[in-house]
K.L.:
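Starting off with a structure, shown below.
What you see is a predicted model; the values in this text were computed from it and never measured. In the text below, chain A, chain B and the rest are named by the order of the sequence lines, each starting its count at 1.
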Amino acid sequence: MPRLLWGLLPLATIDVVLFLVPMVIMALFSLRFSEELLGLTGRWTVAHYIKVFTSEGIYLHILVKTIVIALIATAACLLVGYPFAYFIASTSRRWQGVLLTLVIMPFWTSYLLRVYAWTAILGDRGLINEALHFLRITDQPLSFLLFNVFSEIVVFVYLYIPYAVLAIYASLEKMDRSLVLAAMDLGATPVQAFLRVVLPQTLPGVYASIVFVFIPILGEYVTPTLVGGMSGVLITNLLVNQIHALEFGFGAAIAFVIATFVLVLLLGLRRSVDLERLYVG
Amino acid sequence: MTDRHAVLQSLVEGVRGGRLTRREFFSACARLGIGLVAASSVLRTLGGGTASAAALQGPLNILVWDDHFDEPELKDFLATTGVKINTSLFDENADAYAKTKLVGGRQIDVVSGDALWGPRYHQSGLVDPLDLSQFESAKELFPVFREISFWKVGNRSIMFPWSWAPIIPYYDPRYVTPFNSYEALFDPKYRRRIVMEKTPVDIMAQMGLVTGAKKPYEMTPAEIKAAKEALIRLKPNILTFVEQSNQFVQYFVNGTAWIIANAHTGLDYRVKQAGGPLVKPVYPREGYVGFLDGEMVVKNAAHRNAAMAWLDHKNQAKYVVLNFQKQLRALANEKAMKMLQQDPKYADLVHATGYDQPDVALRMILKGPPPGEGLKMYIDAFNEAIAR
Amino acid sequence: MGAWANEFLVTETIPHTGVSRPASRNAAVELRSVTKRYGDVVALREISLTIHEGEFFSLLGPSGCGKTTTLSLIGGFIEPDAGDIVIQGRSVVGIPPYRRPVNTVFQSYALFPHMTVAANIDFGLRMRGVPEVERVRRIDEMLGLISLPDFGGRRPSQLSGGQQQRIALARALVNHPAVLLLDEPLGALDLKLRKQMRIELARIQREVKITFVYVTHDQEEAMTMSDRIAVMNQGRVIQIGTPQMIYEQPVSRFVAEFVGANVLGGTIEAVDGRAGRVRLDAGSAITAVCPDGLLPGDRVSVVIRPEQAAIAGRPGPGVNAIPGQVLKASYLGTHTQVIVRVPGGIEMTALLAAGGPSEEIPAIGEETHVVWKSDGSLILVEEGSA
Ligand SMILES: Nc1ncnc2c1ncn2[C@@H]1O[C@H](COP(=O)(O)OP(=O)(O)OP(=O)(O)O)[C@@H](O)[C@H]1O
Ligand SMILES: [Mg+2]
């Protein structure tokens, strides 16, 4: 519910303090042009932004591709995460504790390691291919499992689903369970009760999931690098290449275009959450 | 007290005049029973000609590649000089360059770099060229590495040379027919079978070799465009880029990759050690790129004397031998090479890595930053190719 | 109101489970030997109940006695472990709640917070596909019935507790259920509002003529509103009857105590026709109307309702009397309630009608007697001994 967003307020304050200054520096970089590597001096220019939108259209193309992939991964996280959160919320207190611990468990190991582990699952000599081979289902390894958009999305879903589950679980947990009984009492089938009562009640959790899943994926670098192969190149890969070549100005301009998009998205989401609050009263 | 001081003075003069190496100076100091603290206070007078010369005091700050040093020499250095070394690691030349430019000698005394980055550092006034004759361990170098032309400033060298390796294709002969040209990489039968390290500028340079660029690191816009087209053509055959070349081994071992397009020499040995197939190197007829690297002393380094002492220390053959045994690629130290040749365990490897053939290093097209707007164009082209 | 359509009649034939006797024509709900367990806890033990059509029926009992369980079984939120539940002549065992002709007013109201009042009331109609014109009409009718005509556009959170309660009622009633289940609907309201809502609820029930099954642990509430009451304890139904019967003819010490009567333990000394002499554990001997079959020496409970007890400093002959000390006396307008501690530490309550025989309000600490006529008390066989 909106209260969830209020709960984020202290975090948001820290964010502003810690990120505002670097943001300003980045903004300055994105508007400076320099002949030397690492141009700290130079003249004002919007050339970097023009370059983001020209350059054979590749940056826009990859940005759109990144957004589409992030959307697909977010949708998958919600589709898998929601029922799972629902299941957790419907179990007994003790089981909830156990299941939530399981959900959080991946965070105990290194993020890099977890992404890397997927090459050992999806690779030619990976778990799946070895199993298929062992069961004599295939004689050649299925090479389309790894190093493409597919494996990239699989890993995104794996990495970010705990956030979706936790956010949705929190909103389900807060919901008055008797509302479901009331809906069924009034003639709603379980599906109708879910769609008309549970889902609207937990929309804030869904919004929170989107914030926690979609936005980080836009900035993902490790996953496309390790499992995305040549077809899974995302906007951050291009950005990092520029930064490594000390093109801070251009890199910053790319980052700002992404950031602007995220900002618009957040404002849009906040508006719908505000609407929700009005709705609730 | 007075004559002690006189002895010290003469020692200092000895070092200045090049009659004594620093190491001899330190052992002399030790013999004199002078504590290291006293030594360093005296060393304040050891100017070496630079304006802000400092005494042999630490801690020494080095910005370094992780394959340029090992624990033993850090420990020994601390034991003999009392100077502690703070290491910070980096991957990309450009990163180290940016850092050095930002914080300079105040926070960085020694920085590692690739061959043609040396002149870039020097032109930007970031480093002081070294008089290699002042270093005892420089006498152990192959003579050719003491005379690298693009590092020469007068009779000084911008870098203290450390290691080198060609960057060449390797292939698994079980699946790949022997070849001697980059053209073979484009064969459709190698679809999703090539793995490369993600080094945008060097990959562009390699593509430049494919498309006949005259100077692969100084391509014209038209040549860059041709190289980009080549990379786009190659893309279907590339399975993935890896971030670190040490991941190559597993791709050969588990048979996922048939060709590694840009590996350092010695990969064959490492693959075999890891239980993989006997992969073969290719020195393509179009030429090959490679790296030659070393250390530079940052201008106005806060711990300049310690920096000089460290370079002399770490480049001793005994440490270089250790480094070779660990990293398995050629270095600039000839004495260490000879020691390794005596060791039956490493003799073959010395040859496989080209360590005994410094002329291979001289034939390499050396890694370096494309001049001026070039780097920008290389990266843009690389991005355009992989984003396609 | 007689034209209230009943969309809920389950039309397909449902195979009868258990009892084969058809439900009596005017029974709205029948529970036949229903047992419900939660793990080791037996929440209901072989409960049998018949609730008539149009009746205001209350389930009264202490916390944990199984009232909500009974209601949930009728509503279909849980299924019985044994026995049969029949609504309007058809067994509903195995029928999900959304297909039962029953609606519930929840203790927490369970109004949908993301919907307006009108949308809340509309919910059930929508689910059953009632045409729009009809829905609008019925919503207005309901808002009128609960005297909140202009509240359709509000959110539940913008309503007071009492208003929310009435919306919850309207939301259930608008569906014209065969049976309306109410689980302590007034529990969350303050006393004054609760009393007001009792009258309101009773009025509405009379108007719509729908069978109400009303759960409460407040005996006064049950007494004032119900046509009949089932008193429950520990998963069993102890007594079913009109409020008057329950009050005047409690079948057990538990019922008597629950409806607020004074209960004193004792032993039969002598039986003389309808009159029995009882030696109270407190010491005194009293006479009271005695049920058949009791013999001297039997353990009994003597029940004296507060309004039949009085206070007398010097009790006259022919009345029962126990000495005691006044603990508390409160003036209640029409009555004065006096609490007297009698030997054995038992506290007895006497309700003295204003203008009655003992006009003086006794002082606290005063030594006095609790007195009552011998036909003003009842002898019950003590549970577990007869
Ligand atoms: N879901 C459940 N799981 C286990 N035991 C339960 C469950 N629901 C009820 N019980 C037990 O069944 C018994 C009857 O519970 P019920 O809720 O019907 O009581 P009640 O009469 O409604 O009480 P109250 O007046 O406190 O609401 C109690 O002992 C209770 O602890
Ligand atoms: Mg209850």
K.L.:
What part of B:Arg191 is in contact with chain A, defined as an atom under 4.5 angstrom from a non-hydrogen atom: side chain, backbone, both or neither?
P.N.:
neither
K.L.:
Does NZ in B:Lys280 sit with more than 12 non-hydrogen atoms of other residues, nucleotides or ligands closer than 6.0 Å?
P.N.:
no
K.L.:
Measuring from atom CG of A:Leu246 to atom CD1 of B:Ile379, what distance do you get when rounded to the nearest 0.5 angstrom?
P.N.:
9.5 Å
K.L.:
To the nearest 0.5 Å, tell me how far A:Asp124 CG sits from B:Arg192 CZ.
P.N.:
8.0 Å
K.L.:
Just how far is it from atom CD of B:Glu92 to atom CD1 of A:Ile243, taken to the nearest 0.5 Å?
P.N.:
11.5 Å
K.L.:
Looking only at heavy atoms, which two atoms of A:Val233 and B:Ile386 are closest? And how far apart?
P.N.:
CG2-O, 3.9 Å
K.L.:
Given heavy-atom pairs under 4.5 angstrom as the criterion, report whether the side chain, backbone, both or neither of A:Lys65 touches chain B.
P.N.:
neither
K.L.:
Could you state the interatomic distance from CE (A:Met230) to CD1 (B:Ile194), rounded to the nearest 0.5 Å?
P.N.:
10.5 Å
K.L.:
Has A:Lys51 got more than 12 heavy atoms of other residues, nucleotides or ligands less than 6.0 Å from its NZ?
P.N.:
yes
K.L.:
Of the backbone (N, CA, C, O) and the side chain (C-beta and beyond), which part of B:Phe382 lies under 4.5 Å from a heavy atom of chain A, both, or neither?
P.N.:
side chain
K.L.:
Report yes if some heavy atom in the side chain of A:Phe250 is under 4.5 Å from a heavy atom in the side chain of B:Asp380; otherwise report no.
P.N.:
yes
K.L.:
Taking every heavy-atom pair that is under 4.5 Å apart, which of B:Leu239, B:Val195, B:Val201 has the most such pairs with chain A?
P.N.:
B:Leu239
K.L.:
What closest approach, in Å, do B:Pro200 and A:Asn241 show between heavy atoms, and which atom pair accounts for it?
P.N.:
CG-OD1, 4.1 Å
K.L.:
Less than 4.5 Å to any heavy atom of chain A: does that hold for the side chain of B:Phe90, its backbone, both, or neither?
P.N.:
neither
K.L.:
Measure distances from A:Gln242 to the heavy atoms of chain B and classify the residue's part below 4.5 Å as side chain, backbone, both or neither.
P.N.:
both
K.L.:
Report all side-chain donor-acceptor pairs from residues 133-150 of chain A shorter than 3.5 Å, counting only partners two or more places apart or in another chain.
P.N.:
unit_1   : atom_1 : unit_2   : atom_2 : d
A:Asn148 : OD1    : A:Phe150 : N      : 3.1
A:Asn148 : OD1    : A:Ser151 : N      : 3.0
A:Asn148 : OD1    : A:Ser151 : OG     : 3.3
A:Asn148 : ND2    : A:Phe144 : O      : 2.6

K.L.:
Inspect the surroundings of NZ in B:Lys272 and state if more than 12 heavy atoms from other residues, nucleotides or ligands are less than 6.0 Å away.
P.N.:
no
K.L.:
Kindly say whether A:Leu238 contributes a backbone atom to a donor-acceptor pair with the side chain of B:Asn383 at under 3.5 angstrom?
P.N.:
yes
K.L.:
What part of B:Glu243 gets within 4.5 angstrom of chain A, counting heavy atoms only: side chain, backbone, both, or neither?
P.N.:
side chain
K.L.:
First locate atom NE2 of A:His244, then atom CG of B:Leu375, and finally report the distance between them rounded to the nearest 0.5 Å.
P.N.:
12.0 Å
